[in-house]
Amino acid sequence: MALQVTGLTVRYGDLAAVGDVDLSIADSEVLALLGPSGCGKSTLLRAVAGLERPAAGSVCWDGCDLADVPVHRREFGLVFQDGQLFPHRDVAGNVAFGLRMQRLGDRSERVAELLELVDLAGYQRRRVSELSGGEQQRVALARALAPRPKLLLLDEPLSALDRALRDQLAVDLAELLRRTRTTALLVTHDHDEAFTLADRVAVMMAGRLVQVGRPGDVWRRPVDEEIARFLGCTKIIAADAREGVLRSKLGNVELPEAADGALRLGLRATALHTVSETEVGAIAAEVVRRVHRREHARLVVRVPDVGELEAIAPVAAAPAPGEPVHLALDPDGIAVLPP
Ligand code: ADP
Ligand code: MG
């Protein structure tokens, strides 16, 4: 393992902002630390960077304890929510900042290479104040990558950008990290961002790591209700699995990987779709509320014996509040939880 965090605890007075965390990142792996605001993600990242002194535990790189290694000697790159660029330097001056030790010619070659990598070729002489938010974050990324850091630490790097740009930059960043084989720890509260970028996701709640796994596994099999709700499940219902079929009050659905026995289903809005009344197994319900989204209408429906649930309908044929509706389960919107 490249990075090995063991029993790490960071305190602010009586508060353990990070409590007894074990975490490892392999060479070239991108790990996303995902959790709600205030759960201790930035504190953990800062302790890895050397900006926070742990009360207990260790941070090791390639088996060497970093306790006595100061921030600038760890050779880790840092990118924060707002790029923290130097306003009085141009783009090239910012990117070259981490290359002070190198010869001038090598430096400008490396700057050009980095700007090309982040899709800003030719931006060397541009003033930082003339860049858009997305461009500034690309420059911050180029600056962090320029000295070839052993580990890239990213703290909510896209959170200050608007939604469409964030989605695009997340895809670009994922591609760039893979192409450069960068080992990275990404902190985010946004599950879309975590799942777009990461090889593995570590979910953090109230200072503790509560689940670590591949993005698809964490998404489909959160280990408890709190994580399921954080990952978008708005309703949890009981179910029973037999031979790959889940039976619940909302009907049956095939889920081949489910083990036989009692379990719970976490339902995201996309777990229930409107269907025709004649569809086999359709569940009757009544529409309570309707909100139009870009790609579908989102309904709150009332199902007898189950209560209020979210569901989605095609924009063109979305039923109005008070109208009857028929629903079917979609396995894509379902998470499976232990009973
Ligand atoms: P996150 O990045 O997940 O939003 P943080 O790591 O910033 O969470 O904060 C975790 C907890 O530690 C919060 O309760 C926060 O108020 C507290 N905290 C963070 N930094 C400090 C500090 N410098 N002094 C005291 N408390 C802090
Ligand atoms: Mg934070």
Side-chain angles (χ1 to χ4, degrees), residues 1-5 23-35 41-42 44-46 48-49 59 61-62 74-85 91 94-95 97-99 110-121 123 131 133-161 163-204 209 212-219:
M1 284 296 165
L3 182 79
Q4 187 85 50
V5 170
L23 184 68
S24 55
I25 306 182
D27 200 28
S28 301
E29 184 181 37
V30 178
L31 183 121
L33 186 60
L34 174 66
K41 304 179 298 294
S42 294
L44 176 51
L45 177 133
R46 290 167 55 81
V48 170
V59 175
W61 181 264
D62 269 349
R74 294 192 181 193
E75 296 175 54
F76 294 168
L78 281 160
V79 178
F80 296 100
Q81 181 172 329
D82 57 18
Q84 301 186 335
L85 300 175
V91 167
N94 270 277
V95 177
F97 176 73
L99 302 172
R110 180 76 179 139
V111 168
E113 187 184 316
L114 261 303
L115 287 178
E116 199 158 311
L117 191 69
V118 297
D119 227 6
L120 291 177
Y123 273 56
L131 302 178
E135 287 166 346
Q136 289 185 21
Q137 283 308 77
R138 288 174 194 268
V139 173
L141 188 62
R143 182 179 65 183
L145 288 171
R148 304 183 202 280
K150 292 173 174 169
L151 174 69
L152 185 63
L153 300 169
L154 304 144
D155 193 346
E156 311 264 7
L158 309 177
S159 295
L161 309 173
R163 182 88 238 174
L165 185 59
R166 194 152 81 216
D167 291 348
Q168 183 53 50
L169 258 188
V171 172
D172 293 350
L173 180 57
E175 209 261 323
L176 188 150
L177 295 176
R178 296 303 173 302
R179 191 147 39 96
T180 51
R181 301 185 52 79
T182 301
T183 308
L185 172 61
L186 165 82
V187 159
T188 180
H189 68 276
D190 180 320
H191 49 70
D192 284 337
E193 206 170 292
F195 293 123
T196 301
L197 277 156
D199 299 309
R200 264 187 323 143
V201 172
V203 184
M204 194 170 184
L209 280 196
V212 183
R214 284 180 305 175
D217 291 341
V218 174
W219 186 249

Report task. Under the side chain to side chain contact (heavy atoms under 4.5 Å, CB included) rule, what do R110 and R148 come out as? Steps first, then yes or no, please. Result -> CA-CA 10 Å; R110 180 76 179 139; R148 304 183 202 280; 3.3 Å; yes
Report task. Determine, step by step, whether L117 and L145 satisfy the side chain to side chain contact (heavy atoms under 4.5 Å, CB included) criterion, reporting the C-alpha distance in whole Å, the side-chain angles of both residues, the deciding distance to 0.1 Å, and the verdict. Result -> CA-CA 10 Å; L117 191 69; L145 288 171; 4.3 Å; yes
Report task. Applying side chain to side chain contact (heavy atoms under 4.5 Å, CB included), run through V203 and V201 and close with a yes or a no. Result -> CA-CA 6 Å; V203 184; V201 172; 4.1 Å; yes
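With a 6.0 Å radius and a threshold of 12 heavy atoms from other residues, nucleotides or ligands, R214 has its CZ atom at or below the threshold. Dense packing is recorded around CD of E113, with more than 12 heavy atoms of other residues, nucleotides or ligands lying under 6.0 Å away.
Judged by distance alone, with hydrogens and angles left aside, the side-chain atoms of K41 form a donor-acceptor pair with the main-chain N or O of G35 at under 3.5 Å. No donor-acceptor distance shorter than 3.5 angstrom exists from the side chain of D155 to the backbone of F80, with no hydrogens or angles considered. With hydrogens and angles disregarded, no donor-acceptor distance shorter than 3.5 Å links the side chain of E29 to the backbone of T182.
Side-chain contact between T180 and L176: present, with at least one pair of heavy atoms (C-beta onward) separated by less than 4.5 Å. Counting only heavy atoms from C-beta outward, the side chains of L185 and I25 approach each other to under 4.5 Å. A 4.5 Å side-chain heavy-atom check between L120 and V91 finds every atom pair outside the cut-off. Using a 4.5 Å heavy-atom cutoff, the side chains of E75 and W61 are not in contact. Using a 4.5 Å cut-off on side-chain heavy atoms (C-beta onward), S42 and E156 make no contact. For the pair L152/F76, no side-chain contact is recorded, criterion being any heavy-atom separation below 4.5 Å from C-beta on. Side-chain atoms of S159 and D190, non-hydrogen and from C-beta on, never get closer than 4.5 Å to each other. D172 is listed as a side-chain neighbour of R138, based on a closest heavy-atom distance under 4.5 Å.
Listed here is the closest heavy atom pair of A49 and L78: CB-CD2, 4.1 Å. Here the shortest heavy-atom pairing between T196 and A174 reads O-CB, 3.7 Å. For A202 against L23, the heavy-atom pair with the smallest separation is CB-CD1, 4.1 Å. In terms of heavy-atom proximity, L177 sits nearest to A184 at CD1-CB, 4.4 Å. In this structure, A170 and L197 approach most closely via the heavy-atom pair O-CD2, 3.6 Å. Considering every non-hydrogen atom in both R163 and D192, the closest pair reads NH2-OD2, 3.5 Å.
Ring geometry, H191 versus W219: the interplanar angle falls from 30° to 60°, so the pair is classed tilted.
A side-chain contact (heavy atoms from CB on, under 4.5 Å) with L154 is found for one member of L141, V187, L33 and no other, namely L141.
Here R200 does not pair with D217 in a salt bridge; the nearest charged N to carboxylate O distance is not below 4.0 Å.
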